[in-house]
Amino acid sequence: MYPDSLCDSIAIVDATREKRKGEELLRLTSAEMEGLLRRYHPDYREAGFRNLRIGANRGDRTTHEIADLLEAFSNLDHSKISLEPEFDTDVLVLGGGGAGVTAALFAESMGARVILATKLRVGNSNTIMALGGMQASVHEDDSPVRHFADTMGAGKFAGKRELVKTMVEDGPAIVKWLLELGVDFDRDEEGNLATRKAGGITAPRIISIGDYTGLNIMKVLKDEIRKGEGIEVMEFAPAVELTTNGFGECNGAVLFDLGRKRHFTVRARAVVLATGGSGRLHFQGFPSSNNFGATGDAIVLAYRAGARLEGIDSFQYHPTGVMFPDHMVGVLVTEAARSLGGQLVNGKGERFINELETRDACSAAIIRECEEGNGVRTPAGKVGVWLDTPLIEETQGKGFLKRRFPSMYRHFMRVKIDISKRPLLTYPTLHYQNGGILIDEKGETTVRNLFTAGEAAGGIHGRNRAMGNSLLDIFVFGRRAGLAAAKRKYSEPGNVTLGHVYRYYDRLKSLRISSVATSPTLFPEFIVSKL
Amino acid sequence: MKNSAMFIIVELEGRKIRIPEGLTVIEALWDTGYDVKRGIGCLSGLCGACTVAFIERESTKVKFGLGCQKVAEEGLNVIMMPCFPSRAARYAMEAMAHPLEELGTHYPELYTCNDCGACNVCPEWINVAGVMKFAKDGDYEAAASRVTDCIMCGLCASRCPKSIAPQYVALYIQRALARERPFPPNLAKRLTQMESFVFEAEWSRIVAMGDDELKAYCAAMEGP
Ligand SMILES: Cc1cc2nc3c(=O)[nH]c(=O)nc-3n(C[C@H](O)[C@H](O)[C@H](O)COP(=O)(O)OP(=O)(O)OC[C@H]3O[C@@H](n4cnc5c(N)ncnc54)[C@H](O)[C@@H]3O)c2cc1C
Ligand code: SF4
Ligand code: SF4
Ligand code: FES
């Protein structure tokens with residue numbers, strides 16, 4: 001239920017709907033786009049960034065929040081923990097999202113003994129939250145080459161060609177694997193996989209399962225992982241440090257048992273780091289669409305172990321995060337709302353950007369409107385613009401929103417907002433880490449025996465990820481990392497040490513970097529911003 | 001920030017306490033010093049980790065919901081109840097020729113369901129008892145089509161007097177049905193093309209391109 005002050009603003013949206021209906025907004029020229037991004041996109045706010053002073057990416061630009069974590073000491077007291085391995089395994093997978101579970105399943109299929117450790121419950125992850133769908137070139141008019149071109153273009157050609165090629169070429173086979181596991185992708189009348197177009201994609205390529213694509217895939221993967229004895233699952237056991245041997249190769253990790261509140265060590269022949277993204281670091285104070293555990297731990301752990309990062313100054317801000325009611329701030333309103341004709345409307349009842357522009361451009365435009373005083377203020381002091389959902393209902397027919405977006409409809413009905421009658425107040429929300437730990441086609445990082453997959457990995461999506469490519473990437477590279485890691489099962493892991501951490505400390509000290517922060521973060525500090 | 005915060009009195013985990021208005025149950029727990037991590041996942045109403053049971057002021061009925069979505073109101077009495085134990089069968093579905101026919105072997109308790117309706121407490125508004133009835137009667141399509149929004153929170157299972165775990169029964173049916181569907185023709189065609197290297201010539205051209213050439217090539221790629 002909206003308070004009176006917002007109802008007044010909604011009245012303006014209602015009053016201008018008829019006029020806006022037929023209005024065509026021109027697409028931005030590339031110069032206009034460039035100008036808009038430079039001026040308003042958070043990735044270009046120099047005040048939010050600095051250059052790293054230490055490690056493999058010294059001199060590279062990243063956000064203060066990440067730099068703070070990389071230039072910090074570990075949050076575990078090394079003198080107080082035992083590195084005597086409590087568990088010994090072939091493959092240790094860290095992270096129980098889509099990438100981690102896929103890696104574990106494929107490693108097990110090769111006969112490796114697998115331990116999968118994760119921060120919360122298996123499945124509590126960004127994967128479960130992916131609503132829209134997954135890209136795979138299965139449509140007749142589409143091809144892997146076309147998928148490649150679209151992905152390179154979306155990433156502004158900063159993605160690595162060989163990784164993008166690998167991803168698009170594995171796509172159809174990964175879909176086959178999911179189907180065989182019992183994932184029920186939507187079909188058309190002929191039994192084909194149903195495909196849709198989306199912004200920046202030149203062929204119908206998004207496949208989905210209703211409104212809840214990631215959830216329905218994850219349910220099946222979770223069911224599958226319970227099947228055999230080959231995968232031991234450790235929940236509520238986040239990784240806090242990797243371990244290395246005398247050659248600097250990765251050979252395990254130190255985990256923290258959240259229940260018993262103590263550290264323990266797992267030794268492994270290979271480690272797959274699949275702990276996802278960093279939305280909960282709330283860069284530059286932005287709200288986030290991410291799950292509670294998305295605190296960028298992978299980059300911290302891998303960096304201390306010497307791994308090279310890629311593109312860690314590029315993030316995706318999804319244009320339409322919820323701004324009201326307060327407890328839903330940051331929650332995603334799917335892209336499809338804009339593709340189906342939902343207009344972005346400022347406080348004066350005007351449109352200000354063609355809604356089909358890319359995510360970064362739409363976000364920058366919303367930020368511009370709010371900074372120029374054309375935003376709408378909530379009683380809690382937050383500012384946003386309207387997403388005119390009743391317009392979708394009007395053009396697509398009565399009952400459309402409830403049918404097409406049942407979950408979104410329900411979520412707002414719980415707070416007595418009927419999205420078919422009332423618009424939604426939105427503002428960009430921190431959504432995705434475009435970069436991450438640099439990998440090769442096997443998913444291996446620059447540290448031997450350390451593999452990475454999923455949102456934690458970097459090099460694929462360049463400076464902007466196209467919608468639906470992340471779900472594809474986590475299964476493609478999760479599989480590859482799992483298979484390659486399993487092949488290391490005969491290698492000699494060597495002594496479990498924290499030598500790399502001590503060396504990192506020495507360098508921090510010699511650079512006179514002193515920091516009170518400790519990392520990884522593990523759980524976001526919760527600030528009840530409504531007080 | 002709102003400085004004229006209004007306060008309300010609620011009963012959290014059996015403790016009467018004053019909190020600011022407008023917090024969800026999870027936020028209220030955090031605000032009052034409970035370091036809850038178990039039972040928290042997405043904070044968006046999608047993962048089902050944060051189930052709560054509550055009684056609203058002047059209500060006589062215990063209700064159920066999600067702690068990240070339920071906003072605390074004056075007089076609310078609420079506890080968290082994540083991870084209710086539910087029996088999930090273990091099976092290797094690829095080893096079964098017709099998994100749907102084996103539903104009863106893996107979930108025999110399904111057939112003790114007497115339509116009591118106690119499981120209809122779903123935060124996703126699923127008519128769980130209805131789904132179980134379809135499952136019992138063998139109308140698997142009807143059952144599966146109603147549970148795509150199930151977030152596996154387990155609230156339905158927590159209410160069932162027969163210890164049925166409707167979420168796992170439904171998942172079994174969803175998977176089994178998906179496996180029995182004919183292979184999609186469009187995917188089959190694409191896989192055959194790839195096996196016969198139809199795109200190889202194009203790839204070798206791309207690999208040889210310089211950066212500017214590649215940009216021009218991608219820009220020229222127009223929708224079919
Ligand atoms: C709301 C939302 C909607 C989205 N929609 C789409 C979409 O429609 N299409 C698409 O392609 N992509 C979408 N994405 C992006 C996509 O879902 C994610 O990028 C992708 O699922 C990431 O998968 P992952 O396995 O790498 O990480 P996650 O799924 O996030 O899994 C990481 C796991 O690691 C655990 N973990 C974290 N730290 C540690 C640690 N220190 N030790 C052990 N475990 C740890 C986490 O708890 C989590 O379980 C969406 C993302 C969000 C947030
Ligand atoms: S069907 Fe059961 S497990 Fe699924 S969302 Fe509803 S109450 Fe939760
Ligand atoms: S509560 Fe149990 S017995 Fe009652 S309808 Fe639901 S599944 Fe059947
Ligand atoms: S925390 Fe995921 S549903 Fe509440």
Subject >> Contact origin within B:I40 toward chain A - heavy atom pairs under 4.5 Å >> reply: both
Original post:
So, A:F523 versus B:W30, ring centres under 6.0 angstrom or not?
Top reply: no
Subject >> Validation row: B:Q174, A:N216 side chains within 4.5 angstrom (heavy atoms) >> reply: yes
Subject >> Most contacts with chain A, counted as non-hydrogen pairs under 4.5 angstrom, among B:G65, B:G39, B:C68, B:P123 >> reply: B:P123
Original post:
Which answer fits A:R121, side chain, backbone, both or neither, if we ask what part of it has an atom under 4.5 Å from a heavy atom of chain B?
Top reply: side chain
Subject >> Heavy-atom pair of closest approach, residues B:M221 and A:T202 >> reply: O-CG2, 3.7 Å
Subject >> Under 4.5 Å from a heavy atom of chain B, the part of A:R377 involved >> reply: neither
Original post:
For chain B, which residues of residues 124-134 of chain A have at least one non-hydrogen atom nearer than 4.5 Å to it?
Top reply: A:N124, A:I128, A:M129, A:L131
Original post:
Using non-hydrogen atoms only, which part of B:Q69 is less than 4.5 Å away from chain A: side chain, backbone, both, or neither?
Top reply: both
Original post:
Where on A:L120 is there a heavy atom nearer than 4.5 Å to chain B: the side chain, the backbone, both, or neither?
Top reply: side chain
**OP:** Could you look at A:R187 and say if it's the side chain, the backbone, both or neither that has a heavy atom under 4.5 Å from chain B?
**Re:** side chain
Subject >> Residues of residues 179-195 of chain B contacting chain A, heavy-atom criterion under 4.5 Å, by residue number >> reply: B:R179, B:R181, B:P182, B:F183, B:P184, B:P185, B:N186, B:L187, B:K189, B:R190, B:L191, B:M194
Original post:
Mind checking which of residues 84-103 of chain B sit less than 4.5 Å from chain A, heavy atom to heavy atom?
Top reply: B:A88, B:A89, B:R90, B:Y91, B:A92, B:E94
Original post:
So how far is it from B:K37 NZ to A:F236 CZ, rounded to the nearest 0.5 Å?
Top reply: 11.0 Å
**OP:** With rounding to the nearest 0.5 Å, note down the distance linking NZ in B:K70 to NE2 in A:H327.
**Re:** 10.0 Å
**OP:** To the nearest 0.5 Å, tell me how far B:E124 CD sits from A:H411 NE2.
**Re:** 5.0 Å
Subject >> Which atoms of B:Y172 approach chain A - backbone, side chain, both or neither, heavy atom under 4.5 Å >> reply: neither
Subject >> Separation between CD1 of B:I126 and CZ of A:R410, rounded to the nearest 0.5 Å >> reply: 7.0 Å
Original post:
Would you say B:Q167 and A:K219 make side-chain contact, with heavy atoms under 4.5 Å?
Top reply: no
Original post:
Of all of A:G259, A:S407, A:G153, A:A149, which one pairs up most often with chain B through heavy atoms under 4.5 Å apart?
Top reply: A:A149
Original post:
Which word best sums up how the rings of B:W203 and A:F148 line up, parallel for under 30°, tilted for 30 to 60°, or perpendicular for over 60°?
Top reply: perpendicular
Original post:
Checking heavy atoms, do the side chain of A:N290, its backbone, both or neither come under 4.5 Å from chain B?
Top reply: backbone
Original post:
By ring-ring contact (aromatic ring centres under 6.0 Å, His included), which residues pair with A:F412, not counting sequence neighbours?
Top reply: none
Original post:
Can you say whether A:E235 sits under 4.5 Å from chain B via the side chain, the backbone, both, or neither, judging by heavy atoms?
Top reply: neither
Original post:
Checking A:R226 against B:Y168: charged group under 6.0 Å from the ring centre and within 45 degrees of the axis?
Top reply: yes
**OP:** Examine whether an atom of A:K119 lies under 4.5 Å from a heavy atom of chain B, and if so say whether it belongs to the side chain, the backbone or both; otherwise answer neither.
**Re:** neither
Original post:
Taking A:L215 as the fixed residue, which of B:D149, B:L46, B:I151, B:T148 is the one that meets the side chain to side chain contact (heavy atoms under 4.5 Å, CB included) rule?
Top reply: B:I151
Original post:
Where does A:V183 contact chain B at under 4.5 Å (heavy atoms): side chain, backbone, both or neither?
Top reply: backbone
Original post:
A:D211, A:I209, A:L181: which one forms the most heavy-atom pairs within less than 4.5 Å of chain B?
Top reply: A:L181
**OP:** Specify which of B:G48, B:C83, B:G45 makes the most heavy-atom pairs with chain A at under 4.5 Å.
**Re:** B:G45
Subject >> Residues, nucleotides or ligands: over 12 heavy atoms within 6.0 Å of B:E200 CD >> reply: yes
Original post:
B:V207, B:V147, B:L214, B:L66: which one forms the most heavy-atom pairs within less than 4.5 Å of chain A?
Top reply: B:L214
**OP:** Specify which of A:R161, A:E162, A:M152 makes the most heavy-atom pairs with chain B at under 4.5 Å.
**Re:** A:R161
Original post:
Any idea which of A:R414, A:E140, A:E190 has the most non-hydrogen atom pairs under 4.5 angstrom with chain B?
Top reply: A:R414
